[in-house]
Amino acid sequence: MRGLAALVVCLVPLGASASPDPERRALFVDLVEALGCEMNNAQAAEILPTHGFDRSEMIEIVYQLEDEGLAERDGASGVLRLKTSGCPGAL
């Protein structure tokens, strides 16, 4: 579980090449939006594995969202913030 939580905090190299499954990406976004559009390490470790997300899939999704300007990570606080249409004031 610790590796899952580290996703939100760690700054891994940019430019993941894999393309996440659109349905899995939508589920990920829905889960984070349900948390108020922010997810911290503890929330990631608790919620995402119960929905079958592993570290590599989460990385792919977060990279894609960042590349599209729809997410940002704060390495200091360990928080992932979405800027999707489901997040008030994000767009």
Side-chain angles (χ1 to χ4, degrees):
M1 295 296 170
R2 201 170 170 179
L4 294 171
L7 166 70
V8 179
V9 176
C10 76
L11 296 175
V12 290
L14 295 175
S17 59
S19 189
D21 177 88
E23 290 180 16
R24 297 291 292 159
R25 174 188 154 137
L27 174 59
F28 180 89
V29 169
D30 288 345
L31 292 169
V32 180
E33 286 178 350
L35 294 170
C37 297
E38 293 186 355
M39 181 175 61
N40 64 33
N41 291 340
Q43 292 165 320
E46 180 181 337
I47 295 167
L48 297 178
T50 64
H51 294 278
F53 287 96
D54 63 24
R55 187 174 190 277
S56 64
E57 183 179 25
M58 292 183 332
I59 288 171
E60 291 172 7
I61 293 169
V62 170
Y63 280 158
Q64 189 178 65
L65 292 168
E66 287 179 325
D67 288 347
E68 295 171 12
L70 298 175
E72 63 186 18
R73 289 176 286 167
D74 183 334
S77 68
V79 172
L80 173 70
R81 288 181 186 87
L82 290 186
K83 299 186 275 181
T84 58
S85 60
C87 297
L91 296 177

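The structure presented is a predicted model; accordingly, all values stated were derived computationally and were not measured.
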Spacing of CG belonging to Leu27 relative to CG belonging to Asp21, to within rounding of 0.5 Å: 10.0 Å
Evaluate the side chain to side chain contact (heavy atoms under 4.5 Å, CB included) criterion for residues Leu65 and Arg25: first the C-alpha distance (whole Å), next the side-chain angles of each, then the deciding distance (0.1 Å), finally the verdict. CA-CA 9 Å; Leu65 292 168; Arg25 174 188 154 137; 3.3 Å; yes
CZ (Phe53) and CD (Glu60) are apart, to the nearest 0.5 Å, by 11.0 Å
Any idea which heavy atoms bring Ser19 and Gln64 closest together, and the distance? OG-NE2, 3.9 Å
So does Glu68 have more than 12 non-hydrogen atoms from other groups sitting under 6.0 Å from CD? yes
Sidechain-backbone polar pair: Arg24 side chain, Gly52 backbone, donor-acceptor under 3.5 Å: yes
Determine whether a donor-acceptor pair (N or O, by modelled atom type, separation under 3.5 Å) exists between the side chain of Gln43 and the backbone of Asn40. yes
Run the side chain to side chain contact (heavy atoms under 4.5 Å, CB included) check on Met39 and Ile47 step by step: do they pass? CA-CA 10 Å; Met39 181 175 61; Ile47 295 167; 5.8 Å; no
NE2/His51 to CG/Leu31 distance, rounded to the nearest 0.5 angstrom? 4.5 Å
Check the pair Glu33 / Cys87 against side chain to side chain contact (heavy atoms under 4.5 Å, CB included), numbers first and verdict last. CA-CA 7 Å; Glu33 286 178 350; Cys87 297; 4.0 Å; yes
Can you check side chain to side chain contact (heavy atoms under 4.5 Å, CB included) on Leu70 and Val29, steps first, answer last? CA-CA 10 Å; Leu70 298 175; Val29 169; over 6 Å; no
Minimum heavy-atom distance Ser56-Asp54, with the two atoms named: OG-OD1, 3.1 Å
Distance-minimising heavy-atom pair for Pro88 and Cys37: CD-SG, 4.3 Å
Show the nearest heavy-atom pair for residues Leu80 and Ala71, with the distance to one decimal. CD1-CB, 4.1 Å
Rounded to the nearest 0.5 angstrom, the CD1-CD distance for Ile59 and Glu66 is 10.5 Å
Work out which heavy atom in Glu46 is nearest to a heavy atom in Thr50; give both atom names and the distance. O-CG2, 3.4 Å
